[in-house]
Amino acid sequence: MPKPRVIYWFRTDLRLHDSPALKAALDLKPEFLYPIWTWDPHYVYRARVGVNRWQYLLDCQTDLSSSLSKLNPKSKLFVIREAPQTLFPKLFQAWKITHLVFEKDTDAYGRERDESVMKLAKDAGVQVVVKVGRTLYDPDELVKQNKGKPTMSISQVQAAGKKIGGIPRPIAAPKKLPDPGPVELGFEQEMPKKEPDVNAVQRAGEEGSYVALAGPKGDFSVPTMEELGLKEATTKHRGGETLALKALGEIIANEEYTATFEKPKTAPTAFEPQATTLLSPHLHFGSLSVREFYWRVQDVVDSYKGQASQPPTSLTGQLLFRDMYFGAQASLGYTFGQTFNNPTCRFIPWHLPSSISPTSGLATGSYLIDNAASEQHFQKWKHGMTGFPWIDALMRQLASEGWIHHLGRHAVACFLTRGGCYIDWERGAQVFEEWLLDHEAACNIGNWQWLSCTAFFAQFYRCYSPVAFPQKWDKHGDFVRRYVPELRGFDQKYIYEPWKAPVADQKRWGCRIVHVDGVEAEDGTYPKPMLDFNKRREVCLQGMKNAYHVGLYGNDPKVLDGSWRMLFDDGAEGPTEGSKGPPGAMVEHEDADGAEERHVPEPLSPKKAKKESAKSEKKAGTMPAAVKHKREAGQGTLDGLVTRKKKAKKEDEVAPNETHFG
DNA sequence: CCATATGTTGTCATG
DNA sequence: GCATGACAACATATG
């Protein structure tokens, strides 16, 4: 019986402390242990990853590699530049591998990837060992104990968790490491298909991910940003297990903070330092174990003499919410990330709905511009040019630093969706996916559904004001002054609504509030608000009320085939007009003719004619401005619609997930 | 089945 | 400055 030759495959667990999977690998007493990372084209080209998150990943890998080398100078993190689905069969053979060990991943793509790799291992006669360590509980077990249903409330998580039993205590980091064996590859590199490349925007130079299997120097080293052709990172936050453990240690050392932490009472306006732990990016990359975090906190809470806070507002409660979202995602797979065909997500006729591939039933990444004004709102929101300083400061902090406080995320998400723009939550989720350092697909998707009141939360009449809410935390507006420097000179009376300042004062304070068309303003100016918030809040509230009354969920046949339109008044907020639309909100027709036709006004049926006239009467009265020009705008965007369709089709060809529909 | 309380994180006017 | 209720109203948990 030959001694085991083991590959340890790092993915979402870039750490040595508390890794059940790494322990399992070492328990095999291998002759050789190969710690590897596969440079997966899915993340390079298909998933949205901004420069700051790339930098953070490289930080984690560099730190991990150096920790491995400290345990054994011959060892390190071997980065191999090929898709795992094609690499492994060749690697198994070249290195005479007997075992493959990794930590379980329940992300929709991760699960699909791991299933195919496990099949390849089986075919090659390689044993696979999988251990759970990414979450407090195994998400699949959580679902099983929740009657096989996605975990949609914190009490469900608590009840299911109780049935599962205790959360495992952390495992010590290894003290020594076996040698890696010979590392000759002796096989050809399979080049990935680059197009479509959703991360082209992240690059400044030649994309160099796949120059050679073992990298440009042939030494399997961790890539650099320059080598990958990426632009420079802008964030000050850095990754790696060493930093993660140091940060955790500092938090734990403050017993009072740790034991009495209540999330809703932490200030979203605090910066340098921020009011929360900023450990979420470390959790995302696995440079900090969530179970280690849990128990280090729980031990402080247990020994705390005063009144400790309780879940769900306490620190450990935050981790339970994370498990809740993982449970929902584990149960629903790809459809968790979209409205279409999602049984737990309410259907709302948002503006800018996602395009859906007719073959896979999954979101393509493109969207329909049903309304030019909404597209403008979206771009201004994304680039921090809405004219609402609180919103703009948050979006600029997000873009440059990759992190904003949880309540700040609430504010911008509510504003984009149900409390301002009435734009599809999937648009916002995509921006967060690109920019957040701590982007965790399950948590991001779940939180966007929460804030848009499409799942997890339903009290849509609780709406964040971009003026009143920040005032509760930061009367003087220090946060706005930091991230919207144009307004630094403004009196605190006007800091959240600068358009109300007298023109003389605006001049005196060095910034005029002017109408801005695009997402760039002239020096010495700041945009007027892009919408009348109080009016829009009313429009959104009515829209939500109406959509809730209609009561459709994403998997309703009427959503899937497009007949949902019959249930909405033509004048209702959103792309509701016309009785014959595409299936879903959203799905593009196969043929271009069909796609165009659906925006040509239909001859009115008697029933519709009646509605139409009633609407004209309404219009003459108090129809909100945004609704009034909807139709003109919709007609005006036909061109954009068709080009987008082409793009969507192209993306569809390479959709990695075609088998998941139905 | 019902009724009732509760839900991590709203706003505004009023006293 | 701070607590209170109205606003208009949803879903889930619990008895």
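It should be emphasised that the depicted structure is a prediction, and the values quoted were computed from it without experimental measurement. Residue numbers start from 1 in every chain, and the chains themselves are labelled A, B, ... in the order their sequence lines are given, proteins ahead of strands.
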**Message:** Given C/dA13, B/dG10, C/dC10, identify the nucleotide with an atom nearest to the side chain of A/Phe469.
**Reply:** B/dG10
**Request:** Please name the pair of heavy atoms, one in A/Trp381 and one in A/Gly428, separated by the smallest distance, quoted to 0.1 Å.
**Result:** CH2-CA, 3.9 Å
**Request:** Among C/dC10, B/dT9, B/dT11, find the nucleotide with the atom closest to the side chain of A/Ser465.
**Result:** B/dT11
**Prompt:** In whole Å, what is the span from the CG atom of A/Asn447 to the P atom of B/dT8?
**Reply:** 13 Å
**Message:** Heavy atoms only, 4.0 Å cut-off, all strands: where does A/Phe321 land among base, sugar-phosphate and nothing?
**Reply:** base
**Prompt:** Can you tell me how far P in C/dG5 sits from the matching atom in B/dA5, rounded to whole Å?
**Reply:** 14 Å
**Item:** DNA chain C base-pair string [pairs: Watson-Crick or G-U under 3.5 Å; |: paired with another strand]
**Value:** .||||||..||||||
**Prompt:** If you check the A/Ser153 side chain, which of C/dA8, C/dT12, B/dT11 turns out closest?
**Reply:** C/dT12
**Prompt:** Are A/Phe336 and A/Tyr325 close enough that their ring centers fall under 6.0 Å?
**Reply:** no
**Message:** Taking the minimum atom-to-atom distance to the side chain of A/Arg537, which one of B/dT9, C/dA8, B/dT11 wins?
**Reply:** B/dT11
**Message:** With a 4.0 Å cutoff (strictly under), does any side-chain N or O of A/Arg462 reach OP1 or OP2 of B/dT11?
**Reply:** no
**Asked** Quick one: A/Asn546 CG to C/dC10 P, roughly how many Å, whole number?
**Response** 12 Å
**Message:** Suppose you measure atom P in B/dT6 against the same atom in C/dA8; what distance do you get, rounded to whole Å?
**Reply:** 24 Å
**Asked** Out of C/dC10, C/dA13, B/dT8, which nucleotide sits closest to the side chain of A/Ser155?
**Response** C/dA13
**Message:** Under 3.5 Å, is there a donor on one side chain and an acceptor on the other for A/Glu375 and A/Gln379?
**Reply:** yes
**Request:** Give the intermediate values and the outcome of salt bridge (Lys or Arg N to Asp or Glu O under 4.0 Å) for residues A/Arg409 and A/Asp438.
**Result:** CA-CA 13 Å; A/Arg409 301 182 195 197; A/Asp438 60 23; 2.8 Å; yes
**Salt bridge present between A/Asp299 and A/Arg169 (N-O < 4.0 angstrom)** = yes
**Fill in**
Atom CZ of A/Phe533 and atom P of B/dG10 are separated, to the nearest Å, by 13 Å
**Message:** As a test of reading the structure: which of B/dG7, B/dT8, C/dA8 is closest to the side chain of A/Lys263, going by heavy atoms?
**Reply:** B/dT8
**Request:** Could you check how far NE2 of A/His549 sits from P of C/dA9, rounded to whole Å?
**Result:** 12 Å
**Asked** Under 4.0 angstrom, heavy atoms only, what part of the nucleic acid is A/Trp473 near: base, sugar-phosphate, or nothing?
**Response** nothing
**Asked** Any salt bridge between A/Arg396 and A/Glu486, counting N to O under 4.0 Å?
**Response** yes
**Complete:** When rounded to whole Å, the CE to C1' distance for the pair A/Met152 and C/dA13 reads 16 Å
**Message:** The side chain of A/Ala468 is closest to which nucleotide in this list: B/dT11, C/dA13, C/dC10?
**Reply:** B/dT11
**Asked** For atom P, what is the distance between B/dT8 and C/dC7, given to the nearest Å?
**Response** 25 Å
**Request:** Can you tell me the distance, in whole Å, between the CG atom of A/Leu315 and the P atom of B/dT9?
**Result:** 17 Å
**Message:** Is it the case that the side chains of A/Asp302 and A/Gln298 hold a donor-acceptor pair, with the cut-off being a distance below 3.5 Å and no angle test?
**Reply:** yes
**Prompt:** Can a side chain N or O of A/Gln459 be found less than 4.0 Å away from OP1 or OP2 on C/dA8?
**Reply:** no
**Message:** Counting the atoms with a prime plus P, OP1 and OP2 as sugar-phosphate, which does A/Glu262 contact under 4.0 Å by heavy atoms, base, sugar-phosphate, or nothing?
**Reply:** nothing
**Asked** Would you say the side-chain atoms of A/Thr234 and A/Asn52 include a donor-acceptor pair closer than 3.5 Å?
**Response** yes
**Request:** Please report, rounded to the nearest Å, how far the P atom of B/dG10 is from the CD atom of A/Gln471.
**Result:** 16 Å
